[in-house]
4 protein chains.
Amino acid sequence: MANSRFEYVKQFEYSDNLLPNTWIVVRVDGRGFSKLCAKYNFEKPNDRRAIDLMNAAAKAVVTELPDITIAYGVSDEYSFVLHKTCTLFERRASKLITTIASTFTSYYVHLWSTYFPDTPLSPPLPSFDGRAVCYPSVQNLRDYMSHINNLYNTTFWSLIKLGGFDAKEAEKFLAGTFSADKNEILFSKFKINYNNEPEMYKKGSVVVRDYELVEPGSHNVAETIDNVAEPVKQSKTQDENDRKRRNKASVVVDHLDIIKDDFWDRRPWLLSNKPGKIPKQI
Amino acid sequence: MANSRFEYVKQFEYSDNLLPNTWIVVRVDGRGFSKLCAKYNFEKPNDRRAIDLMNAAAKAVVTELPDITIAYGVSDEYSFVLHKTCTLFERRASKLITTIASTFTSYYVHLWSTYFPDTPLSPPLPSFDGRAVCYPSVQNLRDYMSHINNLYNTTFWSLIKLGGFDAKEAEKFLAGTFSADKNEILFSKFKINYNNEPEMYKKGSVVVRDYELVEPGSHNVAETIDNVAEPVKQSKTQDENDRKRRNKASVVVDHLDIIKDDFWDRRPWLLSNKPGKIPKQI
Amino acid sequence: MANSRFEYVKQFEYSDNLLPNTWIVVRVDGRGFSKLCAKYNFEKPNDRRAIDLMNAAAKAVVTELPDITIAYGVSDEYSFVLHKTCTLFERRASKLITTIASTFTSYYVHLWSTYFPDTPLSPPLPSFDGRAVCYPSVQNLRDYMSHINNLYNTTFWSLIKLGGFDAKEAEKFLAGTFSADKNEILFSKFKINYNNEPEMYKKGSVVVRDYELVEPGSHNVAETIDNVAEPVKQSKTQDENDRKRRNKASVVVDHLDIIKDDFWDRRPWLLSNKPGKIPKQI
Amino acid sequence: MANSRFEYVKQFEYSDNLLPNTWIVVRVDGRGFSKLCAKYNFEKPNDRRAIDLMNAAAKAVVTELPDITIAYGVSDEYSFVLHKTCTLFERRASKLITTIASTFTSYYVHLWSTYFPDTPLSPPLPSFDGRAVCYPSVQNLRDYMSHINNLYNTTFWSLIKLGGFDAKEAEKFLAGTFSADKNEILFSKFKINYNNEPEMYKKGSVVVRDYELVEPGSHNVAETIDNVAEPVKQSKTQDENDRKRRNKASVVVDHLDIIKDDFWDRRPWLLSNKPGKIPKQI
């Protein structure tokens with residue numbers, strides 16, 4: 001029997017390559033994490049160990065996949081940004097989202113005992129779903145990042161996790177509210193003084209490669225990058241140098257204001273994809 | 001600040017619901033498993049512990065997701081079949097493939113120490129990518145399953161893993177060959193007598209819910225199911241009964257010939273999605 | 001200057017091949033036909049000349065594209081069915097829908113003066129949009145066809161075109177109504193006695209190749225076809241014979257009950273894609 | 001009978017909205033135009049009447065669909081550009097491409113007798129297929145436009161239409177050639193002195209709304225537009241003013257160098273989508 005009779009089944013596969021020259025965001029979300037939080041007695045609304053574990057898993061993902069330029073996490077979700085010139089897996093959506101969701105899960109489970117030494121995992125185990133979205137311009141990308149990092153989110157989730165609202169009710173409740181309103185809600189309903197919250201919970205966590213910060217003002221990376229039409233061709237030596245510098249950089253977790261220009265201006269490599277200078281070790 | 005300025009970023013999300021009334025196969029594949037095999041000294045071409053671990057992870061996935069009617073694995077890949085009437089996650093491809101890849105990974109990592117007690121995992125950790133394909137008819141589905149379970153596959157992978165071929169060379173080498181040719185290749189090149197190989201390696205592993213086998217011949221489920229136009233509406237009580245019976249059934253791993261009609265004829269629930277009779281405990 | 005600098009733009013093209021082994025329905029709809037009806041004084045709710053023109057255009061499309069096995073039209077819309085084994089344009093959705101919409105438009109404009117000899121066309125000219133949908137089983141396909149051909153449709157459009165309802169209002173108004181209710185609505189609101197309506201308006205128009213009708217009952221094409229996994233391979237001579245017979249068959253317009261089994265049973269070629277016997281000329 | 005039994009068929013429809021904030025190019029191509037050229041004795045390689053007819057049809061399409069900012073045609077193909085903020089038909093690919101292909105066809109057939117008064121159309125009639133592609137940045141869009149308008153294209157098509165090459169042969173033949181090479185090929189093989197060719201054939205045809213040209217240099221629309229993250233919100237009065245000015249502008253056909261910056265710099269409205277000043281009538 002030759003293999004031919006069954007070969008035709010491959011024709012049912014479909015291609016799902018994402019549009020070139022757009023920023024790819026792969027977001028992973030914890031599945032059924034309210035149950036998980038209850039089962040393992042996570043503190044509400046933020047459990048330090050759980051967030052540290054999320055960050056450790058995200059850091060491992062960024063380390064293993066150098067095409068990821070920045071990752072950003074709040075609560076039980078993490079967003080991984082692939083540069084708009086990225087050609088990893090020919091930009092196939094399926095392969096990108098499953099690889100990232102699976103790698104994240106792998107480290108989450110493997111590192112669990114480090115962060116919860118007294119609480120062994122038992123079925124059903126934690127898992128994460130994921131999806132990809134393309135953003136054409138730097139502004140779109142930054143708006144996406146800002147969208148998840150803000151007071152809105154804290155209030156929204158407090159309403160759900162502490163206030164017993166469901167998602168629709170919370171959305172409706174917050175429609176049209178301003179910062180002051182949300183601060184007031186947090187305080188009056190849950191005795192949360194948002195300004196006193198630790199940066200980690202207020203700002204979320206950002207994972208980046210650590211290069212020397214630059215002085216803002218002397219350049220406009222966003223514009224330059226928006227103008228880029230296709231991946232810059234450089235020599236193999238340059239590629240190799242970039243690769244080495246990227247591997248040499250430490251991947252760090254921090255809690256910073258990613259909405260403001262300053263964050264992006266001082267880290268031009270996030271948008272340019274050109275590795276920065278490795279900081280001198282002291 | 002109301003949340004409105006950033007809300008527009010949601011418009012960039014796209015829908016990827018899979019065509020209704022088709023069988024969904026989600027296949028997960030080990031990423032970089034040749035390196036992994038080397039790192040942990042897996043036996044070639046088949047390592048019993050590694051296969052047992054794959055099977056245990058697959059069993060957990062089938063147990064957690066009752067919409068999966070059958071799973072089938074060979075080597076470092078596993079295919080999960082969702083019934084054509086399945087509406088899990090509104091059939092969104094992203095959500096289906098990431099959930100399955102992530103759950104599989106979760107158990108694979110968690111159960112690693114059970115199957116490799118003396119070989120702790122270390123980064124880079126194992127991970128799995130995945131993809132979904134739709135098959136409109138029972139015959140398409142069975143042809144897909146047969147496509148992965150056969151002599152061709154064993155020979156193909158032996159050429160790659162033992163013979164140093166790359167995928168293209170192996171494909172070319174096997175083009176137009178017959179069973180006898182492949183048996184000869186396996187024996188002359190790798191001293192493998194295919195007939196003497198354990199069933200587990202020859203047949204791959206199948207994961208199903210365990211109901212009482214029926215006598216074949218009295219029915220034709222494939223035809224009936226191909227004719228089905230949309231999910232059968234039944235009463236809530238019936239739904240509930242089905243759910244209970246499905247949960248009550250043990251999920252079992254076996255090594256059977258899934259190409260022949262007999263396998264399907266004796267397990268009509270695989271195609272009908274109607275749970276069978278729970279075998280009596282002895 | 002070599003051409004290379006701009007070549008990269010081709011990478012932005014995406015593939016949109018429709019799932020194999022499913023029935024493709026391409027439906028074209030008149031754009032802004034309420035205005036068009038007013039402009040050229042079409043009779044309401046049905047204008048004989050306008051329907052004859054639609055049918056003539058559809059007949060030309062079916063004649064030019066032998067992969068279409070049946071077309072069905074009501075009002076200002078026409079649905080063209082491509083057999084589930086069809087591989088025209090590699091099943092690319094864009095190419096299929098634009099080719100059919102454009103060919104339909106071409107004949108509609110060209111033949112306009114035949115059906116409206118005293119009313120020359122003037123800008124804005126008539127045009128048609130289109131879309132493709134895949135149906136996995138014969139029953140899905142027949143349900144789609146039935147969906148557009150029925151009393152519901154007549155009543156729905158009467159409410160909109162004669163009764164001044166918008167689409168949502170009409171849908172709401174008809175929700176849960178039965179045949180008797182709709183007959184009553186048509187009569188009480190618009191003095192339409194549905195039973196007295198000409199078959200052409202009640203049944204819509206069907207365009208098929210004209211072969212000798214067969215006796216129903218001796219076969220079940222639907223089941224056979226649902227079981228088909230991939231295009232049947234036949235000799236080139238057989239292909240050529242089929243092609244010739246298909247070209248020899250006249251393409252005819254008729255007004256028949258396409259909901260009932262009888263229509264399909266007596267025309268097995270619609271589902272089998274195997275041309276029937278050419279009727280003897282008298 | 002309520003309508004419910006068949007309603008489910010709508011679930012098989014899929015959404016195909018194109019990514020927001022990207023330039024949409026819809027390209028239509030003549031189907032089987034080599035046969036058509038032969039049938040109606042078009043002059044080779046360029047027939048003045050045929051090109052005038054293409055341009056007249058394109059002009060009508062741009063007039064009817066104000067969302068199109070520029071159209072560009074060579075030979076039997078025409079590309080229509082929708083601004084990146086366009087939300088026509090919710091950016092559904094099917095609807096956009098069929099509407100444009102159908103409208104184009106409608107005018108092509110309707111205007112045929114104006115350009116070919118002595119050559120009536122007969123079946124098979126002319127038709128056009130179409131497809132959509134998204135380009136994220138202005139540079140991508142301009143590279144696409146340049147890609148179709150150049151010496152390469154003339155040489156490529158001369159090889160095919162005059163030299164009997166097929167597409168693959170012509171592509172291979174031209175791989176790596178420079179301008180001088182192509183000029184030489186045109187001259188030595190086909191006695192075509194490219195510089196003496198009429199602008200219309202060398203440059204192709206561009207269809208735009210006619211506003212007063214501006215002085216280049218004082219602005220950078222491309223950068224501004226690349227930075228745009230979402231459609232600018234303006235007052236209803238402004239929207240209405242824009243609409244009026246757009247309708248007031250004449251749609252003109254011209255033969256210009258669209259590769260150079262000058263073309264775009266003097267017509268900022270092409271990229272900004274903000275109508276220019278209506279030229280004074282003399």
Side-chain angles (χ1 to χ4, degrees), chain A residues 1-10 12-14 16 28 31 60 63-64 89 92-95 97-110 112 121 123-136 140 143-144 146-148 150-152 156 174-179, chain B residues 1-10 12-14 16 28 31 60 63-64 89 92-95 97-110 112 121 123-136 140 143-144 146-148 150-152 156 174-179:
Chain A
M1 181 191 71
N3 194 47
S4 58
R5 187 169 118 46
F6 302 131
E7 270 316 284
Y8 82 94
V9 297
K10 288 193 182 166
F12 291 78
E13 297 176 6
Y14 60 95
D16 59 354
V28 300
R31 296 189 59 239
T63 307
E64 282 203 11
F89 307 142
R92 277 179 287 151
S94 304
K95 189 126 182 168
I97 61 176
T98 49
T99 295
I100 289 178
S102 168
T103 306
F104 190 87
T105 306
S106 194
Y107 282 93
Y108 192 92
V109 172
H110 182 65
W112 175 273
L121 279 176
L125 298 183
S127 62
F128 296 84
D129 59 39
R131 62 175 308 169
V133 184
C134 291
Y135 292 106
N140 291 147
D143 287 349
Y144 167 78
S146 303
H147 155 70
I148 39 178
N150 59 32
L151 178 54
Y152 178 90
F156 180 80
L174 291 177
T177 55
F178 291 82
S179 289
Chain B
M1 182 191 70
N3 194 46
S4 59
R5 190 172 114 45
F6 303 132
E7 273 310 297
Y8 82 94
V9 298
K10 288 193 182 166
F12 291 77
E13 296 176 6
Y14 59 95
D16 60 353
V28 301
R31 297 191 57 240
T63 306
E64 282 203 10
F89 307 143
R92 278 179 287 151
S94 302
K95 190 126 184 170
I97 61 175
T98 50
T99 296
I100 290 177
S102 169
T103 307
F104 189 87
T105 306
S106 195
Y107 282 94
Y108 191 92
V109 172
H110 182 66
W112 175 273
L121 277 176
L125 298 182
S127 63
F128 296 84
D129 59 39
R131 64 174 308 169
V133 184
C134 292
Y135 293 105
N140 292 148
D143 286 349
Y144 167 77
S146 303
H147 155 71
I148 39 177
N150 57 32
L151 178 55
Y152 177 89
F156 179 81
L174 291 178
T177 55
F178 291 81
S179 289

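Sequence lines set the chain letters: A, B, ... in the order given, protein chains first and strands last, and positions in each chain run from 1. Excluded from the calculations below are hydrogen atoms, water molecules and symmetry mates; all remaining heavy atoms, backbone and side chain alike, are included.
Applying the side-chain contact (heavy atoms from CB on, under 4.5 Å) criterion to B/T103, with sequence neighbours excluded, gives A/R31, A/S127, B/V61, B/E64, B/T99, B/Y107. With sequence neighbours excluded, the residues satisfying side-chain contact (heavy atoms from CB on, under 4.5 Å) with B/A93 are A/Y14, B/D16, B/L18.
Across all their heavy atoms, B/T98 and A/G130 have their closest contact at OG1-N, 2.9 Å. A pairwise comparison of heavy atoms in A/F12 and B/P136 identifies CE2-CD, 3.3 Å as the closest pair.
Contacts with chain B were tallied for A/N140, A/D143, A/L174; A/D143 has the most, counting heavy-atom pairs under 4.5 Å. Between chain A and the residues B/I100, B/L121, B/L125, the most heavy-atom pairs under 4.5 angstrom are made by B/L125. Per-residue heavy-atom pair counts under 4.5 Å with chain A were compared for B/P124, B/A60, B/A101, and the maximum is reached by B/P124.
At a 4.5 Å heavy-atom cutoff, the contact between A/F89 and chain B is made by side-chain atoms alone.
Between B/I97 and A/I97, some side-chain heavy-atom pair lies under the 4.5 Å cut-off.
A/S94 places no side-chain N or O within donor-acceptor distance of the main-chain N or O of B/R131, the cut-off being under 3.5 Å.
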